Participant: 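Quick one: structure below, then a few questions.
Just so it is clear, the structure is predicted and the values come from calculations on it, not from any experiment. Note: hydrogens, waters and symmetry copies are ignored here, and every other heavy atom, side chains too, is used.
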Amino acid sequence: MIHYKAFQWLFFFYMYCFFGWCFESAWVSFKSRKWVNRGFMRGPFLPLYGSGAIMMLVVSMPFQDNVLLTYFAGVVGATVLEYITGVTMEALFKVRYWDYSNRPFNFRGHICLTSSIAWGFLTILMTRVVHRPISDFILSLPGRAVVYVTALVTIYMVMDFTLSFKAALDLRDILAKMQRIKEEMERMSRRLDVIIAFNNEEKEQKKQERELSLSELSMGIKQRFASLKEIIQLKPAEYGENIREEVAELRGKFSHYLDPQENYKEILDFYKRDMIRNNPGMVSRTFKNVLEELKNIAGRGDRGG
């Protein structure tokens with residue numbers, strides 16, 4: 001059994017982060033039929049793959065001579081790692097960067113049976129085929145050179161991860177703000193319908209058949225204000241001072257809500273836009289619909305409009 005030094009473990013971690021990024025980006029790009037730079041970070045590294053690879057090597061060490069135990073160690077270790085990572089990221093960012101909810105035998109969408117089975121076979125592949133020549137190659141290199149390269153990559157990884165982590169938190173805050181604005185606009189829209197229907201028997205309130213997007217809500221509210229202006233001009237006696245003051249207050253709130261909504265494209269800097277584009281499968285139970293709207297906004301940035 002080979003005992004690696006700390007910097008060698010770190011070097012292996014970075015290598016498998018890079019290999020994982022190559023595999024994931026190539027596979028998702030193939031499915032999407034366009035280039036997708038996969039991952040939480042902007043650079044060519046996927047920490048989940050690096051962590052998974054190191055975990056496979058560590059948990060399989062006591063069972064190097066037993067393929068079956070190596071397989072089950074990989075299944076258990078990788079499944080636990082995937083679940084903890086998924087739960088932690090969703091708790092922090094309110095977004096899932098992968099979701100198995102549509103797969104059979106999944107647990108809360110974070111892990112699923114097919115993924116766990118695959119992790120076991122990957123552990124055998126990693127320990128019996130992939131890692132051995134890589135290990136021999138790294139051990140043949142001058143130790144000082146490996147240390148220098150590891151130190152440089154560490155500096156880059158820390159910087160990239162810090163910026164990506166901040167972008168993910170900012171993205172969470174944007175989603176929360178969009179959700180609050182949307183809820184306020186929905187209440188405003190319903191209140192305007194009530195005011196318009198006041199002493200106006202021809203006006204019927206239609207039941208909402210589907211949830212509207214922010215842009216659709218904005219357009220509808222603008223139309224309601226325009227209709228209300230015409231109605232008040234035609235029937236000024238039926239709309240007293242209190243109603244007019246309320247309409248003016250609602251109009252002021254609407255202007256306040258509209259400004260940030262129209263500027264979300266500018267709010268999404270390249271880190272946030274790339275985070276959305278690089279994770280096309282990301283979902284959010286808390287901000288489901290506004291996340292889809294933000295994806296559309298980020299996508300329009302690709303087309304320059």
Participant: Shared ILVMFWY cluster between Val158 and Leu46, side chains joined below 4.5 angstrom?
Facilitator: no
Participant: A quick test of your reading: do over 12 heavy atoms of other residues, nucleotides or ligands sit less than 6.0 Å from OH of Tyr148?
Facilitator: no
Participant: What's the spacing between Met178 CE and Asp173 CG if we round to 0.5 Å?
Facilitator: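 Between atom CE of Met178 and atom CG of Asp173 there are 13.0 Å.
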Participant: Is there a side-chain contact between Tyr14 and Thr154 in this structure, where contact means two heavy atoms from C-beta onward sitting under 4.5 Å apart?
Facilitator: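 Answer yes - side chains close enough.
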Participant: Check the orientation of Phe165 and Phe93. Use parallel for under 30°, tilted for 30 to 60°, and perpendicular for over 60°.
Facilitator: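 The arrangement is perpendicular - the two ring planes meet at more than 60°.
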Participant: Do Asn106 and Ile111 have side chains that get closer than 4.5 Å, going by heavy atoms?
Facilitator: no
Participant: Indicate, with yes or no, if Phe18 and Val149 share a hydrophobic cluster defined by side-chain heavy-atom contacts under 4.5 Å among Ile, Leu, Val, Met, Phe, Trp and Tyr.
Facilitator: yes
Participant: Any side-chain heavy atom of Val75 within less than 4.5 Å of one from Ile117?
Facilitator: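 No, too far: nothing below the 4.5 Å cut-off.
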Participant: To the closest 0.5 Å, what do you measure between CZ (Arg251) and CD (Glu246)?
Facilitator: 13.0 Å
Participant: Checking side-chain contact (heavy atoms from CB on, under 4.5 Å) for the pair Arg172/Leu92: CA distance, chi angles, key distance, verdict?
Facilitator: CA-CA 9 Å; Arg172 178 199 63 186; Leu92 282 172; 5.6 Å; no
Participant: How far apart are the closest heavy atoms of Met56 and Trp119, and which atoms are they?
Facilitator: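 Reported closest heavy-atom pair: CE-CE3, 3.1 Å.
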Participant: Side chains of Ser135 and Tyr4: donor-acceptor distance under 3.5 Å anywhere?
Facilitator: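 On atom types as modelled, these side chains qualify, holding a pair under 3.5 Å.
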Participant: Before accepting this row, confirm whether a basic side-chain N of the pair Asp99/Arg96 lies closer than 4.0 Å to the acidic partner's carboxylate O.
Facilitator: yes
Participant: If you round to the nearest 0.5 Å, how far is CD of Glu216 from CD of Glu293?
Facilitator: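 Output value for this atom pair is 8.0 Å.
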Participant: Do Leu48 and Tyr97 have side chains that get closer than 4.5 Å, going by heavy atoms?
Facilitator: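 The answer is no, as the side chains (C-beta and beyond) never meet within the 4.5 Å cut-off.
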Participant: Do Met55 and Leu69 belong together in a cluster built from hydrophobic side chains that touch within less than 4.5 Å?
Facilitator: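 In one cluster: no.
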Participant: So if you build clusters from Ile, Leu, Val, Met, Phe, Trp, Tyr with side-chain heavy-atom gaps below 4.5 Å, do Tyr156 and Leu152 land together?
Facilitator: no
Participant: Using the ring pair (Phe, Tyr, Trp, His ring centres under 6.0 Å) rule, collect all pairs that involve residues 49-83, keeping only residues at least two apart or in two chains.
Facilitator: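 Passing the test, one end in residues 49-83: Tyr71-Phe121, Tyr83-Phe107, Tyr83-His110.
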Participant: Between Gln8 and Lys5, is there a donor-acceptor pair closer than 3.5 Å when you use the side chain of the first and the backbone of the second?
Facilitator: yes
Participant: Report the C-alpha distance between Val95 and Val283 in whole Å, list the side-chain angles of each, state the deciding distance to 0.1 Å, and finish with yes or no for side-chain contact (heavy atoms from CB on, under 4.5 Å).
Facilitator: CA-CA 6 Å; Val95 168; Val283 297; over 6 Å; no
Participant: Got a salt bridge between Glu292 and Lys295, using NZ or NE/NH1/NH2 to carboxylate O under 4.0 Å?
Facilitator: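 Between Lys295 and Glu292 there is a salt bridge, with a charged N closer than 4.0 Å to a carboxylate O.
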Participant: Taking all atoms of both residues into account, what is the closest heavy-atom pair of Arg128 and Val67, and its distance?
Facilitator: NH1-CG2, 3.3 Å
Participant: Give me the atom names and distance for the closest heavy-atom approach of Cys17 to Pro47.
Facilitator: SG-CA, 3.6 Å
Participant: Will you find, in the side chains of Ser164 and Asp160, an N or O donor that is under 3.5 Å from an N or O acceptor?
Facilitator: yes
Participant: From Leu228 CG over to Gln223 CD, what is the distance, rounded to the nearest 0.5 angstrom?
Facilitator: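 Spacing of CG (Leu228) from CD (Gln223) equals 13.5 Å.
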Participant: Within a strict 4.5 Å, meaning less than it, do heavy atoms of the Pro104 and Leu113 side chains meet?
Facilitator: no
Participant: Where do Thr127 and Leu57 come nearest, in terms of heavy atoms and distance?
Facilitator: CG2-CD2, 4.2 Å
Participant: Parallel, tilted or perpendicular, judged at 30° and 60°: which one describes the rings of Phe19 and Tyr16?
Facilitator: perpendicular
Participant: Under 4.5 Å between any side-chain heavy atoms of Ile243 and Ile195, yes or no?
Facilitator: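 Yes, their side chains come closer than 4.5 Å.
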Participant: Is there a donor-acceptor pair under 3.5 Å between the side chain of Thr286 and the backbone N or O of Lys94?
Facilitator: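 Checked: no pair found.
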Participant: Taking C-beta and beyond as the side chain, do Asn289 and Lys182 meet within less than 4.5 Å on heavy atoms?
Facilitator: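 A side-chain contact exists here, since the closest heavy-atom pair is under 4.5 Å.
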Participant: Taking the side chain as every heavy atom from C-beta outward, state whether Phe254 and Met185 have any atom pair closer than 4.5 Å.
Facilitator: yes
Participant: Please answer whether the main-chain N or O of Phe137 pairs with a side-chain N or O of Ser140 as donor and acceptor at a distance below 3.5 Å.
Facilitator: yes
Participant: Among all residues two or more places apart in sequence or in another chain, which pass the side chain to side chain donor-acceptor pair (under 3.5 Å) test with Ser189?
Facilitator: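 Ser189 satisfies side chain to side chain donor-acceptor pair (under 3.5 Å) with Arg224 once adjacent residues are dropped.
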Participant: Are there more than 12 heavy atoms of other residues, nucleotides or ligands under 6.0 Å from atom CZ of Arg187?
Facilitator: yes
Participant: Can you tell whether the side chains of Lys166 and Asp170 come within less than 4.0 Å, N to carboxylate O?
Facilitator: yes
Participant: When you measure from the side chain of Thr88 to the backbone of Thr85, do you find a donor-acceptor pair of N or O atoms at a distance under 3.5 Å?
Facilitator: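 Not a single qualifying donor-acceptor pair exists.
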